[in-house]
Amino acid sequence: MHQSPLNALTSIVEQIARTGDPKAVMSNIVQSLRELMQVDVCSLYLCTPDFKHLILAATEGLSPRAVGKAKLKLDEGLVGHIASSLSTLNLGNAPADDRFVFIPETHEMPYYRFLGVPLLHLRKLIGVLVIQGKERQPFPQEAEAFLITVASQLAGTLAQLQSKGEWYKKRNPRQGYRRFPGLKGAPGLGMGKLRLVRPHLSLDQVKAACTSEAEAEKNAISEALAAVSEELESGSGHLGQHLPSDLNALFNVYQMMLQSPELSQQILARIDAGDNAPWALKQTIDAMAEQFLQADDPYLKARAEDICNIGQRILNQLLSRERPSTEAPDEALILTGELISIADLAEFPLHQIHGIICTQGSTLSHTAILANALGIPAVMGVEQFEPEQHKGATLIADGHRAECVLNPPAALLAEYQRMIDDEQRFMQGLERLRNQPAITRDGFTVSLLTNTGLLADATPGLLRGAEGVGLYRSEIPFMIHENFPTEQEQYTLYRKVLQAYAPRPVNMRTLDIGGDKQLPYFDISETNPYLGWRGIRFSLDNAQLLISQVRAMLRADIEHGNLRLLVPMISRIDEIQSFRRYVEKAVDALNREGHEVRMPAIGMMIEVPSAMLLLPRLTPYIDFVSIGSNDLTQYLLAVDRNNPRVSGLFDHLHPAVLVALEQIHRQCEALGLPVSLCGEMASDPAAVLLLVAMGYRCLSLSAYNIPRIKLLIRSINRETLLSLLEQTRQCNSETEVRALLAPVLAEAGWGRDSRPSLPGDTASGATH
Ligand code: PEP
Ligand code: MG
């Protein structure tokens, strides 16, 4: 081999990145591998979508006509043996092996040496990668090690192709109808037209991509160039902070750059060579900026920044051109994209958003939390779905089954519509519970408060009988703004929330950005964002922001006195000590300024295991605690709450989480500290059974879920749950815990979809 394995892999993966067509990706792989390893044959076999057969998906060396046709059972032949045993096979005389099967379509010459390795992704078999040669001895160990490495590196990409089934396309009898599995985001069913929401890309983030529609891309770039030119012409190009003071002169420079033949010609040439418009633009801008940077003249050097600004403007135009809003003002939409930010949501009237489908993220991504808060059905991590391919299609977001349904045929559409209507009736039926307490049959009362952060969901909370706000996520308004909101802006907002809920208590949490909660105007790029600059750490390091937020909250509280402060991500004693001092100082300062503010109760989120372990020593500085079970689960289990790859390992019913929750409750009782729980766990009926058994008397959850959970609590008997809790203490896994709880939920009329079964709920055709 001439290249190191690493270089070889890099070049293969680069090719993959540049190729959109799955068949081309696969033939690139076998072609590159055959060359790199200098072998006669390299073939890729993939499992059929039903995992019953292996099909030759690409080959270099066997007959190309066998591709898509040569087929083996999962235990048939040498390839089948590798698939069923999940082990490598390296032979010097393959045809002599008992397991060898000749496949006529391949027109296989007598190749003697044979090396095959299984392709596994996330414990699942994807296919088998094989090399063959004419020599009569096994491949050297070096080749075996290399092929195993290549297989592990490529498995992720191949898994995506394999599951999409494009390579294996048989015409679907019901053209266009498909179902895509995902992860639960928010419950409910929504139906509407696919509306693509693209991320707001910066030029730096543009990735290599090719196009087969060069003409369309060239038109798009020409239109974008003309639009930026027009913007500059009219002087309305909001080039923001990047503009130095001498505006007019700069507009001229920008215009000159924009109209320079070099710029447009280079972009167009790259598109002609196969790049898509954003990628062609990025490369051209980078090359031009580099030229300016090379100059000795400081004036010319400084122009590098200008050309980058111009590039960003052109990109913005390009992307906005890809977002035609063709739908009618009241048309039901399913917003679809990688992850949909709160700013994206804010662009649409709420009544138009009938569902959310994200190709990334997981149950605890903030998109999912927002969807829950707003009662919008959402499905996350639908990795196999490519919304770009289905613009304008009809979609169903099935948040109960975590499925995205594309172009359902008329009969299925009617069935979903019936279920949506039934569900609406069911929710309306629950309205009668609004003023009823959440009390078990044997008299154990639980307070149900709401989680909020948007003014838009203050009203739903009240309408659904929330007894207060258990968690106000103050970062959400920060995420919609274009700058850090001022003290006065915050004051106005907080006052509205406190007023809406008065006299009920409102736990306002100070800023908790970081992790997957990013501010568009304050970049925190970190390798490990969940272990980085988050929550109170960020606030204490940016004390001016903390002080203005606390002052705004204290002032907003003057009228109704229902504010309680909540601090996120406490992991150290000195953090809560410092926080308390800031609050005390703010109270003093405001009183000196003539505002009659009071010292509110201070609560601490238990999200980090160290806060749980230090609880007795933190108690002198706090008045109450609220458990953030989302983060507590993440940090106890070392499972990223937002990573679909490990989402199967994220479960708040993991025995370790249950032990922690019992310990916290016991300690709080002993310390006389009021305790509540405000993570998504409070919306999970199975978890609620155990929380009630443990003695939790206060839960905070999304408004949408309050009536359902109230209905559940009113249907159970705590006494019988105590023995169930005892049994779960013996469970070794969350699966065992859920299996124990399932019959109790079923008895309470609670279906597998986290809601009581709907009348006539056959969910025809729906599968998991
Ligand atoms: C939690 O971690 O459980 C929580 C409620 O906070 P957030 O989801 O906003 O991180
Ligand atoms: Mg949290």
Side-chain angles (χ1 to χ4, degrees), residues 184-186 339 341-342 361-374 378 380 448-454 457 461 468-479 506-519 524 529-539 564-571 575 603-612 624-643 647 650-654 657-658 660-661 664 675-684 687-688 691 696 698-703 705:
K184 287 192 176 183
L339 275 178
S341 72
I342 178 152
S362 68
T363 304
L364 287 195
S365 301
H366 281 87
T367 310
I369 289 177
L370 278 174
N372 260 297
L374 296 170
M380 307 295 296
L448 296 181
L449 291 85
T450 190
N451 291 350
T452 159
L454 288 173
D457 69 338
V469 175
L471 171 63
Y472 176 80
R473 287 186 166 97
S474 72
E475 58 277 4
I476 292 183
F478 277 68
M479 288 158 86
V506 175
N507 294 346
M508 282 202 165
R509 185 172 74 180
T510 56
L511 199 58
D512 181 22
I513 55 162
D516 74 334
K517 290 181 275 194
Q518 293 290 333
L519 300 179
I524 308 179
Y530 282 115
L531 301 184
W533 220 22
R534 261 199 86 178
I536 188 65
R537 298 172 186 172
F538 177 88
S539 292
R564 290 147 57 90
L565 286 178
L566 191 52
V567 200
M569 293 292 298
I570 290 284
S571 63
E575 287 169 342
M604 168 188 89
M605 298 278 294
I606 300 190
E607 296 168 293
V608 184
S610 60
M612 172 183 108
F624 66 99
V625 300
S626 183
I627 302 172
S629 56
N630 306 337
D631 277 315
L632 188 61
T633 305
Q634 151 164 280
Y635 295 124
L636 275 175
L637 304 184
V639 179
D640 183 339
R641 61 191 269 183
N642 200 30
N643 181 347
S647 64
F650 190 104
D651 194 326
H652 43 236
L653 292 190
H654 185 289
V657 180
L658 298 182
L661 291 174
I664 296 171
V675 57
S676 61
L677 184 141
C678 63
E680 297 308 298
M681 188 174 187
S683 301
D684 174 359
V688 169
L691 291 170
Y696 282 90
C698 183
L699 302 176
S700 187
L701 57 162
S702 71
N705 283 313

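We count ligands from 1, going down the list as the structure has it; atoms in each ligand are counted the same way. Every value quoted in this text rests on a predicted model; they were computed, and no experiment measured them.
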Under 3.5 Å: donor-acceptor pair, side chain of Y472, backbone of L566:
no
Quick check for you: with the Mg ion (ligand 2) as the vertex, what angle do OE2 of E607 and OD2 of D631 span, to 10°?
110°
Give the numbers and elements of all ligand 1 atoms closer than 4.0 Å to a heavy atom of I369.
8 (O)
Would you mind reporting whether R534 and K517 have side-chain heavy atoms less than 4.5 Å apart?
yes
Compute both the distance and the angle, then confirm whether R564 meets the cation-pi test with F624: under 6.0 Å from the six-membered ring centre, within 45 degrees of the axis.
yes
Can you check whether D651 reaches T633 side chain to side chain, under 4.5 Å on heavy atoms?
no
Does T363 reach the side chain of M380, with side-chain heavy atoms less than 4.5 Å apart?
no
Structural part of L632 in contact with ligand 1, heavy atom criterion under 4.0 angstrom
neither
Using a 3.5 Å distance criterion without hydrogens, assess whether the side chain of D631 forms a donor-acceptor pair with backbone atoms of E607.
no
Within 4.0 Å of some non-hydrogen atom of L471, the atoms of ligand 1 are 5 (C)
Would you kindly specify which portion of K517 sits under 4.0 Å from ligand 1, judged on non-hydrogen atoms: side chain, backbone, both or neither?
side chain
Tell me which protein heavy atom sits closest to atom 8 (O) of ligand 1, plus the residue, atom name and distance to 0.1 Å.
R641 NH2, 2.8 Å
Classify the contact between N451 and ligand 1 as side chain, backbone, both or neither, using a heavy-atom distance cut-off of under 4.0 Å.
neither
Of the listed options (R473, R534, E607, E475), which comes nearest to atom 5 (C) of ligand 1 when hydrogens are ignored and any heavy atom counts?
R473
Is a side-chain donor or acceptor of E575 paired with a backbone partner of S571 at a separation under 3.5 angstrom?
yes
Quick one: nearest non-hydrogen protein atom to atom 6 (O) of ligand 1, plus distance?
R509 NH1, 3.0 Å
